[in-house]
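For the single chain, residues carry numbers from 1 onward in sequence order. Hydrogens, waters and symmetry mates play no part in the numbers below; they use all other heavy atoms, side chains included.
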Amino acid sequence: MMSKLGRGQKDKVQQFMAITGASEKVALQALKASDWHLEGAFDIFYSQPQIRAVTDTRHLEELYKRYRDPDVDMILVEGISLLCNDLQVDPQDIVMLVLSWHMKAATMCEFSRQEFIGGLQSLGVDSIPKLREKLPSLRNELRDEHKFREIYNFAFSWAREKGQKPLALDTALGMWRLLFSEKHWPLVEHWCQFLQVRHNKAISRDTWSQLLEFVKTIDPQLSNYDEEGAWPYLIDEFVEYLTENGIVPSRK
């Protein structure tokens, strides 16, 4: 491709690749579309994610084959632990939850072909080294309030047993510990203990989403907690539990 280009054009391609990290193919595409104006090519590149995410589908198919289950056309537990191994992350690492959110995965510990390939395409990666480089920015997404809420709400459906409406208590506790270790909510262990002692039932979607509101709006000493507020009864009971056990100052 490059051999047919004039010297100035070759320089622009090199420059474009150096600045954007794009492949030669993408550089040519953007420069041709902008009549060889570098600035224009950058605008095109940064405003059109579909150009930026030119991933090699053959590479993605190969990757998928590496992890896919020998008997079903899906990546299952073994494939996922191999993927974690290749990425050098622990399967329990929260970054795997963020990755699954990007893949729009329906169920924990499995990826369909479409979820896996589509998810990596949307991230613009087509190899393990590229995905590994992407992990820090995936982790950073948890710091964004809006994305954290989306990932938090996604985790509820993702972690459920197939065909179940509520989330099994043990699974919910594990997910809360994982998510709130990121958010550094100091009451997370008390909340988990309270549920085991007082509730001991599966968790509804309503409880799941209301807890995030509680964590975001009520300070850990509960000084701004309003008993007349419209919190679900479980959260009111939790507040009583914290007060009775002297974990927070009595509110009388």
Side-chain angles (χ1 to χ4, degrees), residues 77 80 84 89-102 105-109 135-252:
V77 176
I80 288 178
C84 290
V89 295
D90 186 292
Q92 304 297 318
D93 191 317
I94 196 164
V95 81
M96 293 308 289
L97 168 63
V98 183
L99 183 60
S100 301
W101 172 65
H102 275 283
T107 307
M108 185 153 53
C109 294
L135 295 180
S137 70
L138 293 184
R139 270 182 221 290
N140 274 337
E141 293 190 277
L142 292 158
R143 294 186 182 162
D144 176 310
E145 287 294 327
H146 176 69
K147 283 183 181 167
F148 182 85
R149 178 190 297 269
E150 281 193 23
I151 292 165
Y152 178 89
N153 287 327
F154 161 82
F156 181 84
S157 318
W158 178 71
R160 273 187 310 197
E161 293 282 322
K162 283 184 180 166
Q164 294 292 314
K165 272 199 137 152
L167 181 58
L169 181 61
D170 279 352
T171 313
L173 299 180
M175 293 308 297
W176 273 320
R177 286 183 171 119
L178 189 65
L179 285 153
F180 288 132
S181 68
E182 288 298 314
K183 270 275 165 279
H184 309 300
W185 181 45
L187 297 174
V188 64
E189 278 310 316
H190 296 299
W191 169 250
C192 292
Q193 281 158 9
F194 156 76
L195 289 175
Q196 284 165 310
V197 175
R198 296 277 178 92
H199 182 64
N200 211 12
K201 285 203 292 284
I203 298 297
S204 71
R205 183 183 282 281
D206 186 50
T207 301
W208 182 265
S209 53
Q210 289 283 344
L211 183 72
L212 182 60
E213 287 314 306
F214 180 78
V215 171
K216 283 179 64 151
T217 52
I218 305 297
D219 80 78
Q221 290 293 306
L222 309 191
S223 61
N224 59 345
Y225 180 74
D226 174 11
E227 280 153 24
E228 305 306 310
W231 294 108
Y233 84 97
L234 201 56
I235 286 182
D236 287 330
E237 273 192 27
F238 174 53
V239 170
E240 274 172 36
Y241 169 87
L242 290 172
T243 315
E244 282 165 20
N245 286 285
I247 296 155
V248 298
S250 174
R251 310 177 44 72
K252 298 293 170 279

Verdict with reasoning, Phe180 to Val215, per side-chain contact (heavy atoms from CB on, under 4.5 Å) | CA-CA 9 Å; Phe180 288 132; Val215 171; 3.8 Å; yes
Taken to the nearest 0.5 Å, the spacing of Ile151 CD1 from Leu179 CG works out to 8.5 Å
For this session: Using the six-membered ring wherever Trp is involved, compare the ring planes of Trp185 and Phe214 and label them parallel, tilted or perpendicular (cut-offs 30° and 60°).
Result: perpendicular
Donor-acceptor pairs under 3.5 Å, side chain of residues 188-197 to any protein atom, not counting sequence neighbours: which ones?
unit_1, atom_1, unit_2, atom_2, d
Glu189, OE1, Arg177, NE, 3.4
Glu189, OE1, Arg177, NH2, 3.1
Glu189, OE2, Arg177, NE, 2.8

Output for pair (Ile235 CD1, Ile218 CD1), nearest 0.5 Å, gives 9.0 Å
Next on the checklist: Let's go through His199 and Leu234 carefully: what are the C-alpha distance in whole Å and the side-chain angles of both, what is the deciding distance for side-chain contact (heavy atoms from CB on, under 4.5 Å) to 0.1 Å, and is it a yes or a no?
Outcome noted: CA-CA 8 Å; His199 182 64; Leu234 201 56; 3.6 Å; yes
Does any N or O in the side chain of Asp226 come within less than 3.5 Å of the main-chain N or O of Glu228, such that one atom is a donor and the other an acceptor? yes
Applying side-chain hydrogen bond (donor to acceptor under 3.5 Å, both in side chains) to Thr171 and not counting sequence neighbours gives none
Indicate yes or no: at least one non-hydrogen side-chain atom of Glu150 is less than 4.5 angstrom from one of Trp101.
yes
Q.
Are the side chains of Pro166 and Ile203 in contact, using a 4.5 Å heavy-atom criterion?
A. no
Distance col, row Leu173:CG vs Leu167:CG, nearest 0.5 angstrom, shows 9.0 Å
Can you find a pair of side-chain heavy atoms, one from Phe154 and one from Ser100, that are under 4.5 Å apart?
yes
So NZ of Lys147 and CG of Leu138: to nearest 0.5 Å the spacing works out to 9.5 Å
Residues at least two apart in sequence or cross-chain that pass side-chain hydrogen bond (donor to acceptor under 3.5 Å, both in side chains) with His184, listed by chain then number, are none
Check your understanding: Is Lys201 close to Leu169 at the side-chain level, that is, under 4.5 Å between some pair of heavy atoms?
Key -> no
Applying side-chain hydrogen bond (donor to acceptor under 3.5 Å, both in side chains) to Lys183 and not counting sequence neighbours gives none
In terms of heavy-atom contacts, Pro220 and Val248 come closest through O-CG1, 3.7 Å
For residues 236-247, the salt bridge (charged side-chain N to carboxylate O under 4.0 Å, His left out) pairs (sequence neighbours left out) are Arg198-Glu244
If we ignore angles and hydrogens, is there a donor and acceptor under 3.5 Å between the side chains of Arg205 and Ser157? yes
Minimal heavy-atom distance between Trp208 and Ala155, with the atoms involved, is CZ2-CB, 4.1 Å
- Using atom types as modelled and distance alone, determine if a side-chain donor or acceptor of Arg160 lies under 3.5 Å from a backbone N or O of Lys165. yes
Between the CD1 atom in Ile94 and the OG atom in Ser181, the distance rounded to the nearest 0.5 Å is 5.5 Å
Tightest non-hydrogen contact, residues Met175 and Leu97, listed as CE-CD2, 4.0 Å
Heavy atoms of Thr243 and Pro249 approach each other most closely as CG2-O, 4.2 Å
May I ask you to test the Leu242-Phe238 pair for a side-chain heavy-atom distance under 4.5 Å? yes
Notebook entry, point to check: Does a side-chain heavy-atom distance below 4.5 Å link Tyr152 with Leu142?
Noted result: no
Heavy-atom closest pair (Val89 atom, Val95 atom, distance to 0.1 Å) is CG1-CG1, 4.2 Å
Taken in chain and number order and not counting sequence neighbours, the residues that satisfy side-chain hydrogen bond (donor to acceptor under 3.5 Å, both in side chains) with Asp170 are none
- Query: Looking at side-chain heavy atoms only, is the closest gap between Val239 and Trp231 below 4.5 Å?
  - Reply: no
Would Met96 and Leu99 count as a side-chain contact (heavy atoms from CB on, under 4.5 Å) if you check the C-alpha gap in whole Å, the side-chain angles of each, and the deciding distance to 0.1 Å? CA-CA 5 Å; Met96 293 308 289; Leu99 183 60; 4.1 Å; yes
Tyr225 vs Asp219 side-chain heavy atoms within contact, under 4.5 Å: no
